[in-house]
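Heavy-atom basis, side chains included; hydrogens, waters and symmetry copies ignored.
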Amino acid sequence: MTTVLGLTGGIASGKSTVATMLRDLGIVIIDADVIAREVVEVGEDAYFKIIGAFGRTILHDDRTINRQKLGEVIFNNEQKRKVLNSIVHPAVREKMSRLKMEFIEKGEKIIVLDIPLLFESKQTHLVEKVILVYVDRDVQVKRLMQRNGLSVEEAEARINSQMPLTEKIPLADAVINNNGSIEETKEQLLAILKQWELI
């Protein structure tokens, strides 16, 4: 019997740190961000659809998609962003579902779907329980500024583009408070997995 968990958080919340801890426990992670990069590689269906929608000016010389150029096109254009999402999101969902089924058939005990926008994209039906990685907003701003070399305004703008973490708390089955040390985060993760009788 396989248990499928959802792992989510916000930008600079420490979700990747928790994903690494789960991997270290030998748990399979299906990472939506990694898959989002894979489905737009040269030759993939979504790749051709993106060129069809946005033209060849968004390509590098080696024919790969120039993420920065594409980002500039969609950043201030809601309509174009919707077009891109309508191409990429179904491709990501299809590949995640396929991988999930493969791992279930292999008999994996636990599979974690690492989906940053799990609640926003209404994909909770794909998982049995959700773990949310939470940090206070001021910690989130500080970490994002340090990690990406952003100003306060730039960090705030990126955080504001996502659903607030405080609103995600009541939607999750378990919350890891990641304001403290890595050891404290790991203790919380292990406690959740034990409580759910997964380890």
Side-chain angles (χ1 to χ4, degrees), residues 1-38 85 88-89 92-144 146-148 155 158-199:
M1 184 63 196
T2 306
T3 303
V4 181
L5 303 178
L7 177 66
T8 196
I11 191 166
S13 64
K15 183 177 61 61
S16 301
T17 304
V18 174
T20 301
M21 291 173 183
L22 288 161
R23 265 194 204 95
D24 291 345
L25 293 168
I27 293 169
V28 168
I29 307 269
I30 301 175
D31 186 329
D33 283 345
V34 171
I35 290 172
R37 286 194 288 274
E38 290 172 354
N85 289 344
V88 177
H89 290 175
V92 171
R93 277 198 289 272
E94 191 272 326
K95 186 161 185 181
M96 287 189 90
S97 297
R98 195 171 73 240
L99 288 171
K100 183 173 91 168
M101 287 316 299
E102 283 172 17
F103 285 121
I104 288 171
E105 281 161 21
K106 280 183 189 164
E108 289 291 343
K109 191 181 164 205
I110 310 168
I111 299 168
V112 174
L113 301 187
D114 180 343
I115 306 176
L117 303 176
L118 181 71
F119 297 121
E120 293 92 327
S121 58
K122 299 183 173 41
Q123 294 191 76
T124 48
H125 64 280
L126 298 175
V127 301
E128 289 158 57
K129 287 182 186 290
V130 177
I131 299 173
L132 170 69
V133 183
Y134 173 86
V135 285
D136 292 336
R137 192 183 166 93
D138 57 334
V139 176
Q140 201 178 6
V141 171
K142 201 166 81 187
R143 284 183 186 166
L144 189 54
Q146 284 171 345
R147 190 184 79 187
N148 293 29
R158 293 204 186 177
I159 292 165
N160 288 340
S161 73
Q162 297 185 343
M163 181 178 171
L165 286 173
T166 47
E167 288 178 23
K168 295 184 180 185
I169 291 172
L171 304 174
D173 298 286
V175 178
I176 292 174
N177 183 319
N178 195 30
N179 286 314
S181 67
I182 286 199
E183 288 72 26
E184 288 166 331
T185 298
K186 189 165 188 180
E187 277 170 24
Q188 292 175 73
L189 174 64
L190 293 174
I192 291 163
L193 295 175
K194 280 181 183 140
Q195 186 191 340
W196 291 346
E197 297 178 353
L198 296 173
I199 56 169

Discussion item. Looking at Ile182, I'd like to know if its CD1 atom is crowded, meaning that more than 12 non-hydrogen atoms belonging to other residues, nucleotides or ligands lie closer than 6.0 Å.
Written reply: no
Worksheet item: Is there a side-chain contact between Leu132 and Ile169, using heavy atoms and a 4.5 Å cut-off?
Response: yes
Discussion item. Suppose we screen for side-chain hydrogen bond (donor to acceptor under 3.5 Å, both in side chains). Which residues come up paired with Lys95, at least two apart in sequence or across chains?
Written reply: Glu38
Worksheet entry | For Ile11 against Arg147, the heavy-atom pair lying closest together | CG1-NH2, 3.8 Å
Worksheet item: Shortest non-hydrogen contact from Ser121 to Ile115?
Response: OG-CG2, 4.5 Å
Discussion item. I'd like to know whether Val112 forms a side chain to side chain contact (heavy atoms under 4.5 Å, CB included) with Ile30, so could you lay out the CA-CA distance, the side-chain angles of the two residues, the decisive distance to 0.1 Å, and finally the verdict.
Written reply: CA-CA 6 Å; Val112 174; Ile30 301 175; over 6 Å; no
Fill in: Under 3.5 Å donor-acceptor, Gln140 side chain and Ile159 backbone
no
Worksheet item: Do Ile176 and Val18 come within less than 4.5 Å of each other through their side chains, counting heavy atoms only?
Response: yes
Practice prompt. Can you tell me which residue pairs pass the salt bridge (Lys or Arg N to Asp or Glu O under 4.0 Å) test with a partner in residues 172-181, sequence neighbours excluded?
Written response: none
Worksheet item: Do Val127 and Val130 touch side chain to side chain, with heavy atoms closer than 4.5 Å?
Response: yes
Practice prompt. Kindly state each residue pair satisfying side chain to side chain donor-acceptor pair (under 3.5 Å) with at least one member in residues 1-12, sequence neighbours excluded.
Written response: none
Item to complete: Please step through side chain to side chain contact (heavy atoms under 4.5 Å, CB included) for the pair Thr185 and Met21, ending with a clear verdict.
Response: CA-CA 9 Å; Thr185 298; Met21 291 173 183; 4.1 Å; yes
Item to complete: Mind listing the closest non-hydrogen atom pair of Val92 and Ala32 along with its distance?
Response: CG1-O, 4.1 Å
Fill in: Side-chain donor or acceptor of Glu128 paired with backbone N/O of Leu5 under 3.5 Å
no
Worksheet item: Say you draw a straight line from CG of Leu113 to CZ of Phe103; how long is it, rounded to the nearest 0.5 Å?
Response: 10.5 Å
Worksheet item: Any chance CZ of Arg158 has more than 12 other-residue heavy atoms, nucleotides or ligands included, within less than 6.0 Å?
Response: no
Practice prompt. Using modelled atom types only, decide if a donor and an acceptor are shared between the side chain of Lys100 and the backbone of Leu126 within a distance under 3.5 Å.
Written response: yes
Fill in: Atom pair CD1/OG1 of Ile29 and Thr20 - distance to nearest 0.5 Å
8.0 Å
Please table the atom pairs, donor to acceptor, closer than 3.5 Å between any side-chain atom in residues 186-199 and protein atoms at least two apart or in another chain.
residue: Gln188; atom: OE1; partner: Asn177; partner atom: N; Å: 2.8
residue: Gln188; atom: NE2; partner: Asn177; partner atom: O; Å: 2.8
residue: Gln188; atom: NE2; partner: Glu184; partner atom: O; Å: 3.3

Response to the item:
By side-chain hydrogen bond (donor to acceptor under 3.5 Å, both in side chains), Ser97 pairs with (sequence neighbours left out) none
Fill in: Lys/Arg N to Asp/Glu carboxylate O, Glu102 vs Lys106, below 4.0 Å
no
Discussion item. Going by salt bridge (Lys or Arg N to Asp or Glu O under 4.0 Å), name the pairs with one or both residues in residues 7-34, residues two or more places apart or in two chains.
Written reply: Lys15-Asp114
Discussion item. Tell me if a side-chain donor or acceptor on Ser13 pairs with a main-chain N or O of Gly9 at a distance below 3.5 Å.
Written reply: no
Worksheet item: Is the side chain of Lys109 donor-acceptor paired with the backbone N or O of Met1 at a distance under 3.5 Å, no angle test?
Response: no
Worksheet entry | Spatial distance of atom CD1 (Ile35) from atom CE (Met96) [nearest 0.5 Å] | 5.0 Å
Worksheet item: Looking at Asn179, Asn178, Thr166, which hits side-chain hydrogen bond (donor to acceptor under 3.5 Å, both in side chains) with Asp136?
Response: Asn179
Worksheet entry | Non-hydrogen side-chain atoms of Gln123 and Leu117 separated by less than 4.5 Å | no
